[in-house]
Amino acid sequence: MPDYQTLTLDLGARSYPIFIGEDLLSAAEHTLRPWLGNGKVVLVSNTTVAPLYLARWQACLEHWGIAHHHVILPDGEQYKDVQHLDQIYSALLAAHCDRKTTLLALGGGVIGDMTGFAAACYMRGIAFIQIPTTLLAQVDSSVGGKTGINHPLGKNMIGAFYQPRAVLAEISSLCTLPARELAAGLAEVIKYGLIDDVPFFDWLEQHMPALLARDGAALAEAVAWSCRNKARIVAADETESGVRALLNLGHTFGHAIEAGLGYGQWLHGEAVAAGMVMAATASHLAGWLSAPELQRIRRLIEAAGLPAEAPPLGAERYLQLMQVDKKNEGGRIRFVMLRGIGQAFLTDALPTAALNAVLR
Ligand SMILES: NC(=O)c1ccc[n+]([C@@H]2O[C@H](COP(=O)([O-])OP(=O)(O)OC[C@H]3O[C@@H](n4cnc5c(N)ncnc54)[C@H](O)[C@@H]3O)[C@@H](O)[C@H]2O)c1
Ligand SMILES: O=C(O)C(=O)C[C@@H](O)[C@H](O)[C@H](O)COP(=O)(O)O
Ligand SMILES: [Zn+2]
């Protein structure tokens, strides 16, 4: 029996495995080798993750006799931009990479989103594999094929839907993650419970101390549960014409916080956490969500060490930033709201009074 789990994101010919285990390198013959093809490999990482984890994957490629190169980007959301994306293309061209090249994204969501977008565009599309090293990337960004970069005027505004060949989520890499980053990942984990999974929300209420203590079994369970939920939603709606928009719970407000404060000031997960409390509060004020459920949501977010209060950008600024959102249609802002825990829905009819109250 392998000591890792395998989930599948079912997208027909573009289906792929999501491997989840403590140590996937020792099983790399099964978890990595089959997805590499017969071209070169280029590892993309950053200045924080590369010193920790790059050498072990390079040694594995050496062992197989696979030619490889690497690109190391600066660390931070503020570098998820077109200038730093261009550094990946320059490295690929300098190394004479052809269409058989496979990119390996080794890092958090920033590296994964940028590497995926580089793979989507280089020579009109080459293969890439996600090796997510943050909790957030393991439970969310490495799965589902949203790739891209930020623009000064809006978060993730330039990008492509482009699926990886495989996802390798090594739970052991979470040992070196700063506590603030672990908490940021928990925001997206809580999101899945709120969208449509009451048993998961209940489980998270019971297991939050174990998750914060980095209990390996609890983390593996949270990653697998989250990936199952995300894979189910993405398989039903890959390019977000319907149900996938629910994965944006908390993000209409959250993206405004990230862009409004300047990318990198608040972590993505922190902004999503505060954004989910704003969405829950607005849902309550609109008469959709009960007061006890709002309290439960706030308590779980606070128990994860996440901010429940949004920064005071001012209602005008929030509205201006939220006008730049990919969910909007016909100039109307569409929000993900809650009728209850596990009952998210999309609406463009949030009462103005409820919206103004949370923006204030
Ligand atoms: N594509 C999607 O579906 C999707 C989903 C959610 C979030 N995102 C994007 O993902 C990004 C956020 O991802 P993130 O939270 O992983 O941030 P991140 O990529 O910036 O990583 C967080 C920090 O942890 C460091 N780090 C990574 N792995 C580490 C490890 N094992 N040990 C020590 N340090 C480590 C990084 O260098 C960085 O400083 C945002 O840009 C967000 O928009 C995308
Ligand atoms: O996969 C999705 O779909 C998501 O919405 C997941 C989000 O957690 C993630 O932050 C995503 O990048 C947001 O997408 P965007 O289209 O609103 O930029
Ligand atoms: Zn997110």
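Order of appearance sets the numbers: ligands from 1, and atoms from 1 within every ligand.
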Vertex the Zn ion (ligand 3), ends His251/NE2 and Glu188/OE2: angle to nearest 10° comes to 120°
Checklist entry - With only distance considered, is Lys230 within less than 3.5 Å of ligand 2 through an N or O on each side? => result yes
_Heavy-atom contact check, 4.0 Å cutoff: does Glu258 meet ligand 1?_
no
The answer for which part of Asp140 has a heavy atom under 4.0 Å from ligand 2 is side chain
closest protein heavy atom to atom 17 (O) of ligand 2 is Asn248 ND2, 3.0 Å
Note: ligand 1 atoms sitting under 4.0 Å from heavy atoms of Asn46 are 36 (C), 37 (O)
For ligand 1, is there an N or O atom under 3.5 Å from any N or O atom of Glu188? no
Check your understanding: Any N or O on His268 sitting closer than 3.5 Å to an N or O of ligand 2?
Key -> yes
- [ ] Spell out, as yes or no, whether a donor-acceptor pair under 3.5 Å connects the side chain of Thr176 to the backbone of Ser173.
- [x] yes
Query raised in the report: Closer than 4.0 angstrom: is that true for some heavy atom of Ser173 and an atom of ligand 1?
Result: yes
In Phe128, Tyr16, Trp35, the residue satisfying side-chain contact (heavy atoms from CB on, under 4.5 Å) with Arg165 is Trp35
Test log, rule side chain to side chain contact (heavy atoms under 4.5 Å, CB included), inputs His268 and Leu136
CA-CA 9 Å; His268 175 72; Leu136 186 140; 3.9 Å; yes
With heavy atoms and a 4.0 Å threshold, my read on which part of Leu174 contacts ligand 1 is neither
